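Hydrogens, waters and symmetry mates play no part in the numbers below; they use all other heavy atoms, side chains included. So you know, we letter chains A, B, ... as the sequences are listed, proteins then strands, and number each from 1. Every value quoted in this text rests on a predicted model; they were computed, and no experiment measured them.
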There are 2 protein chains.
Amino acid sequence: MMENDIFKALADPTRRAIFEKLASTQSMNASALREGISISQPAMSQHLAVLRQAKLVQEERQGRFVHYRVKPDGLALIVQWVARYSTFWPDRIDALRQTLKEMDQ
Amino acid sequence: MMENDIFKALADPTRRAIFEKLASTQSMNASALREGISISQPAMSQHLAVLRQAKLVQEERQGRFVHYRVKPDGLALIVQWVARYSTFWPDRIDALRQTLKEMDQ
DNA sequence: CAAACACATAAGTCCATGCTTATGTGTTTG
DNA sequence: CAAACACATAAGCATGGACTTATGTGTTTG
């Protein structure tokens, strides 16, 4: 199941760090992503493969570089899953509500 | 980090099934939770311990039964984490927006 | 109070996973 | 076109995690 792929992909702290770094920019190639994260080249490549399979990121080859970027709809399933239990976080709902309000502007 | 505990706890499909079942009721003891889920008693106990440590559920002993229930604010960190990337799921946002709207009623 | 019960913990096994080194594939460049 | 480069894949290893059986702890009940 795809939902499971996403949860498993995000369960690793290194992968979340990669995703977060990727989200902070337009797009970035694999080598640039390694900067600041102490990790070997194959390890990065493997992590990106996991994120790719979970459809959280998308790749685009440009010459000998592969540019990665966060996939717009990647977190949708997580959002939907969490939303099912939205009645359980009445306090925190306001923050999300505010986020949505800001998106309208 | 607590965020990591939550992601890891939700990364297992059996644990998500337990959480979902628990969310569908007020509270339930460990034996009742096993019904429908093909799992041994110790396995259930261990899964509940993981969910407990992630603060996704809370326990309450009543006699020789231990009643579990979903902890209201348990998913807050996930919501906050996801909300940081809300600009990346513009299409799916409507579903969540609708959920919030329904909560208002 | 001994047996039954609900649950937790211990200990061991098996498979998944994150890492490493080594090598392969595709692209650019001197 | 050979070397350098960016990245992917292969293979092996070590750890983590989900399961099992066995046993422990606390509570109820006949």
| request: Report which part of the nucleic acid B:Arg34 touches: base, sugar-phosphate, or nothing (heavy-atom distance under 4.0 Å, all strands). | output: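 It contacts nothing in the nucleic acid.
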| request: Can you tell me which stems DNA chain D forms, taking runs of 3 or more consecutive Watson-Crick or G-U pairs with both distances under 3.5 Å? | output: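 DNA chain D stems, ordered by first number: C:1-30 with D:1-30.
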Starting the side chain at C-beta, find the nucleotide from [options] nearest to [X].
X: A:Pro42; options: D:dC19, C:dA8, C:dA22; answer: C:dA22
X: B:Phe65; options: C:dT20, D:dA18, C:dA6; answer: C:dA6
X: A:Ser45; options: C:dC19, D:dT9, D:dT20; answer: D:dT9
X: B:Arg61; options: D:dT27, C:dC19, D:dT20; answer: D:dT27
X: B:Arg64; options: D:dG17, D:dA8, D:dT27; answer: D:dT27

| query | Got a donor-acceptor pair under 3.5 Å from the side chain of A:Gln62 to the base of C:dT27? | reply |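 Side chain to base: no pair below 3.5 Å.
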| Considering only heavy atoms and no angle criterion, is a donor-acceptor pair shorter than 3.5 Å present between the side chain of B:Gln41 and the base of C:dA8? |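 Indeed there is one.
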| request: Would you mind telling me which residue lines up with the more 5' stretch of DNA chain D, A:Ala32 or B:His47, judged by nearest nucleotide? | output: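 Per heavy-atom nearest nucleotide, the more 5' residue is A:Ala32.
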| DNA chain D: B:Lys8 or B:Ala43, which has the more 5' nearest nucleotide? |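 The residue mapped nearer the 5' terminus is B:Lys8.
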| request: Give a yes or no on whether the backbone of A:Gly36 and the side-chain of A:Arg34 come within a donor-acceptor separation of less than 3.5 Å. | output: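 Checked: no pair found.
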| field | Main-chain N/O of A:Lys8 paired with A:Arg15 side-chain donor or acceptor, under 3.5 Å | value |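 Yes, the answer is positive, given that a donor and an acceptor are paired below the 3.5 Å cut-off.
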| said: Would you say A:Asn29 places a side-chain N or O within less than 4.0 Å of OP1 or OP2 belonging to D:dC7? | reply: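 Looking at the OP1 and OP2 atoms of D:dC7, one of them is under 4.0 Å from a side-chain N or O of A:Asn29.
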| query | Think A:Ser40 has a side-chain N or O under 4.0 angstrom from the OP1 or OP2 of C:dC19? | reply |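 A:Ser40 to C:dC19 OP1/OP2: no side-chain N or O under 4.0 Å.
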Just so I know, are the side chains of [X] and [Y] near enough to count as touching, which here means a heavy-atom distance under 4.5 Å?
X: B:Ile78; Y: B:Leu10; answer: yes
X: B:Tyr68; Y: B:Met28; answer: no
X: A:Val66; Y: A:Glu60; answer: no
X: B:Arg84; Y: A:Glu20; answer: yes

| query | Of A:Gln46 and B:His67, whose nearest nucleotide on DNA chain C comes first from the 5' end? | reply |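 Per heavy-atom nearest nucleotide, the more 5' residue is B:His67.
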| query | Is A:Glu35 salt-bridged to A:Lys21, going by a charged N under 4.0 Å from an acidic O? | reply |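 The answer is no: the pair does not qualify as a salt bridge.
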